[in-house]
Amino acid sequence: MKDFLTLACERYSVRKYSEKEIEDEKLEKILMASQVAPTSNNCQPQRIFVIKSEEALEKVRSVTPYCFNAPVVLMVCYDETVSRNAIDGHNYGFDDAIIATAHMMLEAYDIGIGSVWVRGYDKRKLDATFELPENLVSVALLPIGYPCENSKPSKAHFKNIEMKDMVTYI
Ligand SMILES: Cc1cc2nc3c(=O)[nH]c(=O)nc-3n(C[C@H](O)[C@H](O)[C@H](O)COP(=O)(O)O)c2cc1C
């Protein structure tokens with residue numbers, strides 16, 4: 001592995017995938033990165049659907065144009081009967097699912113698999129399409145796959161907020 005900051009800087013959203021399949025061992029590593037993510041009270045409410053069959057891929061493509069031609073799409077959810085509430089009523093499930101997704105995205109990049117975080121869809125349509133039970137809350141889609149040879153970062157990738165606008169020392 002590269003040092004973490006190099007990996008974080010180099011990772012970019014991949015929107016063109018090659019036809020090469022993801023090996024099972026690599027997919028497993030990506031899923032393990034979700035398994036070991038920190039979660040509130042260690043509740044581990046993250047639930048991942050591996051969308052891989054042509055039938056399921058067609059379904060997800062009917063919900064969003066942002067799957068591109070990725071061979072696999074991970075649908076990240078959390079089980080709200082498992083996640084905890086903060087004292088102000090905030091349910092941590094969303095936070096837990098988000099960090100699990102970030103872990104997978106970075107692990108994927110580390111082993112040569114591209115990804116793009118996708119929230120450009122109507123959640124109600126996604127949930128209905130996959131007939132998610134009431135306790136599962138979908139949070140994000142993560143198309144993954146080997147980047148196409150000519151895949152490159154978009155301009156947006158290089159636009160970083162300035163430290164002075166991002167950080168306040170108090
Ligand atoms: C919450 C979230 C939602 C996003 N939704 C989409 C999306 O629906 N479609 C898409 O192509 N990219 C999506 N992205 C990717 C961002 O556009 C991308 O991360 C950003 O432009 C920075 O580029 P980079 O990831 O290449 O560094 C999303 C990213 C995040 C974190």
Side-chain angles (χ1 to χ4, degrees), residues 1-20 22 26 29-31 33-34 36-40 45-52 56-80 83 90-130 132 136-167:
M1 174 180 156
K2 303 167 188 245
D3 73 89
F4 178 74
L5 196 53
T6 303
L7 184 144
C9 290
E10 285 185 359
R11 182 223 52 86
Y12 70 93
S13 295
V14 172
R15 297 185 175 94
K16 271 185 186 176
Y17 293 90
S18 88
E19 283 179 5
K20 185 174 169 187
I22 303 174
K26 288 203 170 182
K29 279 187 167 184
I30 293 168
L31 296 169
S34 167
V36 300
T39 55
S40 72
Q46 66 273 38
R47 302 288 181 265
I48 320 290
F49 291 84
V50 180
I51 301 177
K52 213 179 160 192
L57 284 168
E58 259 173 44
K59 276 188 184 177
V60 73
R61 287 184 197 128
S62 75
V63 172
T64 177
Y66 301 114
C67 294
F68 308 98
N69 60 332
V72 173
V73 178
L74 304 176
M75 177 166 62
V76 183
C77 305
Y78 67 89
D79 185 335
E80 67 180 359
S83 54
H90 167 74
N91 189 284
Y92 291 120
F94 186 80
D95 314 63
D96 296 335
I98 288 291
I99 194 163
T101 312
H103 265 216
M104 292 196 288
M105 191 172 211
L106 291 164
E107 169 59 18
Y109 184 79
D110 192 42
I111 57 175
I113 306 288
S115 68
V116 54
W117 191 303
V118 170
R119 184 57 184 88
Y121 55 81
D122 181 333
K123 179 182 176 303
R124 292 161 299 188
K125 192 169 176 198
L126 181 72
D127 296 357
T129 300
F130 287 97
L132 289 183
L136 288 191
V137 182
S138 63
V139 164
L141 293 170
L142 197 64
I144 56 172
Y146 283 95
C148 208
E149 254 177 44
N150 62 357
S151 163
K152 55 179 198 291
S154 70
K155 280 188 190 148
H157 172 73
F158 300 99
K159 280 188 198 156
N160 295 127
I161 187 172
E162 288 195 35
M163 281 286 183
K164 70 174 174 47
D165 295 330
M166 186 184 78
V167 181

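Reckoned from all heavy atoms, side chains included, excluding hydrogens, waters and symmetry mates. Whatever order the structure lists ligands and atoms in, that order sets their numbers, starting from 1.
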* Asked: Listed by chain and number, what are the salt bridge (charged side-chain N to carboxylate O under 4.0 Å, His left out) partners of K16, not counting sequence neighbours?
  -> none

* Structure fact -> shortest atom 28 (C) of ligand 1-to-protein heavy-atom contact is with W117 O, 3.1 Å

* In the protein, which heavy atom is nearest to atom 19 (O) of ligand 1, and how far is it? -> S13 OG, 3.4 Å

Of all the atoms in ligand 1, which lie at a distance below 4.0 Å from a heavy atom belonging to [X]?
X: A156; result: 21 (O)
X: R119; result: 3 (C), 4 (C), 5 (N), 6 (C), 7 (C), 8 (O)
X: V118; result: 5 (N), 6 (C), 7 (C), 8 (O)
X: Y12; result: 26 (O)

* Asked: Taking all atoms of both residues into account, what is the closest heavy-atom pair of V14 and G114, and its distance?
  -> CG2-CA, 3.7 Å

* To do: Considering non-hydrogen atoms only, spot the tightest contact between R11 and H157 and give its length.
  => O-CE1, 2.8 Å

* Structure fact -> Of P143, G114, G120, the residue with the heavy atom nearest atom 8 (O) of ligand 1 is G120

* Winner among H157, R11, R15 once heavy atoms are compared against atom 17 (O) of ligand 1 -> R15

* Output every pair passing salt bridge (Lys or Arg N to Asp or Glu O under 4.0 Å) with a member in residues 139-160, not counting sequence neighbours, ordered by first then second residue. => none

* Structure fact -> Under 4.0 Å between heavy atoms, the region of F68 that gets near ligand 1 turns out to be side chain

* Asked: Does T64 approach ligand 1 within less than 4.0 angstrom via side chain, backbone, both or neither, non-hydrogen atoms only?
  -> neither

* Kindly determine whether H103 and S34 satisfy side chain to side chain contact (heavy atoms under 4.5 Å, CB included), including the steps that lead there. => CA-CA 6 Å; H103 265 216; S34 167; 5.7 Å; no

* Is atom 10 (C) of ligand 1 in close reach of the protein, with a heavy atom under 4.0 Å away? -> yes

* Please say whether the positively charged group of R47, taken as NZ for Lys or CZ for Arg, lies over the ring of F49, i.e. under 6.0 angstrom from the six-membered ring centre and within 45 degrees of the axis. => no

* Asked: Does a sphere of radius 6.0 Å around OH in Y66 hold more than 12 heavy atoms from other residues, nucleotides or ligands, not counting ones at 6.0 Å or beyond?
  -> no

* Y12 versus S151, side-chain donor and acceptor atoms under 3.5 Å -> yes

